[in-house]
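Treat the numbers as computed from the prediction; the structure is a model and nothing was measured. Order of the sequence lines fixes the chain letters, A, B, ..., with proteins taken first and strands second; residue numbering starts at 1 for each chain.
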Amino acid sequence: MWKIARMGAVGAALCGGASAARAVDGLVPFNGTILAACVLTVGTPGVLVANGTYTELSSSAGGGLGGIITVLTTGASFKVSALAPSAFTLAPATGNDNVSFAAAYSGSGATTMPNTPGATQTSLGLGVTNVVVNLSATKASGNFVTGNYTATVTVRCE
Amino acid sequence: MAMAAFASATGSAAAQALTPMRGEVRSFTDQFAVRVFPANPYGHRIRIDVHVYDETFAPVQEAQVLPPSATLAPGDSRSVYIVVPFEGHSERKVRICAESVPFGHAATLLRTQVCGRFLATRVQ
């Protein structure tokens, strides 16, 4: 009886010894740095349509489509603007005669922006802002003739 | 004429269009250098041009940009090295802009321009 008890005690001691080997946790640190950045991502380009008298091409007219761009900011103090072109990059021979351009933009999301003249800078909040950019081209004299027209608006974040 | 100072990011993750976007540089020479990292946030390959402008957005013609343009794979970024002379001034503010080449086939194309602002001081 005494022998059996002693063997049990030895067994318990062995088992206890195994369970006494505690797991050791090692801490692996991870570090990361996000720099203040502004990311512009073009969603869809815009579509220009002519008015009834063919003196204006506009993306905000019926059937037109504003360009969509996503602005992501990870830091403060960034501003956005949309710069109108000075001429069409693609147009028929008389397409750039007597034409003036005007860009405008509006936004929603992290920053809510009403319709704003393109050259005006708007401060951006942190996060994602969806911006709609519109462009109009107006002829002071004459009319837009048949052909393909392409203009480029520069969306700037700084 | 060796460059004495750098403004550079320690690294740039994907989906950043340009880092750093603010910086101050001190140089002991008559020019200063900045290293920036334009990045491609899109899911397709794009070409990015890097230009240097002054405070009024007039191009700084004498600035050297290496390389002035690059093709970036989706999510990729690369370093661009810029050297700008002080032109006799003790301080110079420049904008370094990463500009994407417009894409799409619609009537209104959008070009993105992300500009970092840098202040360089010449240490006499």
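With B:F57 as the aromatic partner, A:R156 meets the cation-pi criteria of under 6.0 angstrom to the ring centre and within 45 degrees of the ring axis.
Under a hydrophobic clustering in which Ile, Leu, Val, Met, Phe, Trp and Tyr are joined whenever their side-chain heavy atoms come within less than 4.5 Å, directly or via other members, A:V132 and A:V153 fall into different clusters. Side-chain heavy atoms closer than 4.5 Å link hydrophobic residues (I, L, V, M, F, W, Y) into clusters, and following such links, even through other members, never connects A:L83 to A:F101. In the hydrophobic clustering of this structure, B:L18 does not group with B:L119; members are Ile, Leu, Val, Met, Phe, Trp, Tyr whose side-chain heavy atoms approach within less than 4.5 Å, directly or through other members. Grouping the Ile, Leu, Val, Met, Phe, Trp and Tyr side chains by contacts below 4.5 angstrom, directly or via other members, places B:V34 with B:V65. Using a 4.5 Å cut-off between side-chain heavy atoms of Ile, Leu, Val, Met, Phe, Trp and Tyr, with links allowed through other members, B:F32 and B:V60 fall into the same hydrophobic cluster.
For chain B, the nearby part of A:I68 is the backbone; its heavy atoms alone come within less than 4.5 Å.
Checked against B:T112 for a side chain to side chain contact (heavy atoms under 4.5 Å, CB included), the options A:V39, A:T154, A:V42, A:V71 give a single hit: A:V42.
The structure places CG of B:L110 at 11.5 Å from OG1 of A:T41, a figure rounded to the nearest 0.5 Å. In this structure, CD on A:E158 lies 4.0 Å from CZ on B:R95, to the nearest 0.5 angstrom. In this structure, CZ on A:F78 lies 5.0 Å from CZ on B:R22, to the nearest 0.5 angstrom.
Within 6.0 Å of CG in A:N148 there are 12 or fewer heavy atoms belonging to other residues, nucleotides or ligands.
The minimum heavy-atom distance between A:A37 and B:T19, with the atom names listed, is CB-CG2, 3.9 Å.
No side-chain donor-acceptor contact under 3.5 Å links B:R111 and A:T152.
Residues B:F37 and A:L35 fail the side-chain proximity criterion, which asks for heavy atoms closer than 4.5 Å.
The candidate from A:P85, A:G32, A:G64, A:S77 with the greatest count of non-hydrogen atom pairs under 4.5 Å with chain B is A:S77.
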Taking it one step at a time, do B:M21 and A:C38 satisfy side-chain contact (heavy atoms from CB on, under 4.5 Å)? CA-CA 8 Å; B:M21 288 188 68; A:C38 180; 3.7 Å; yes
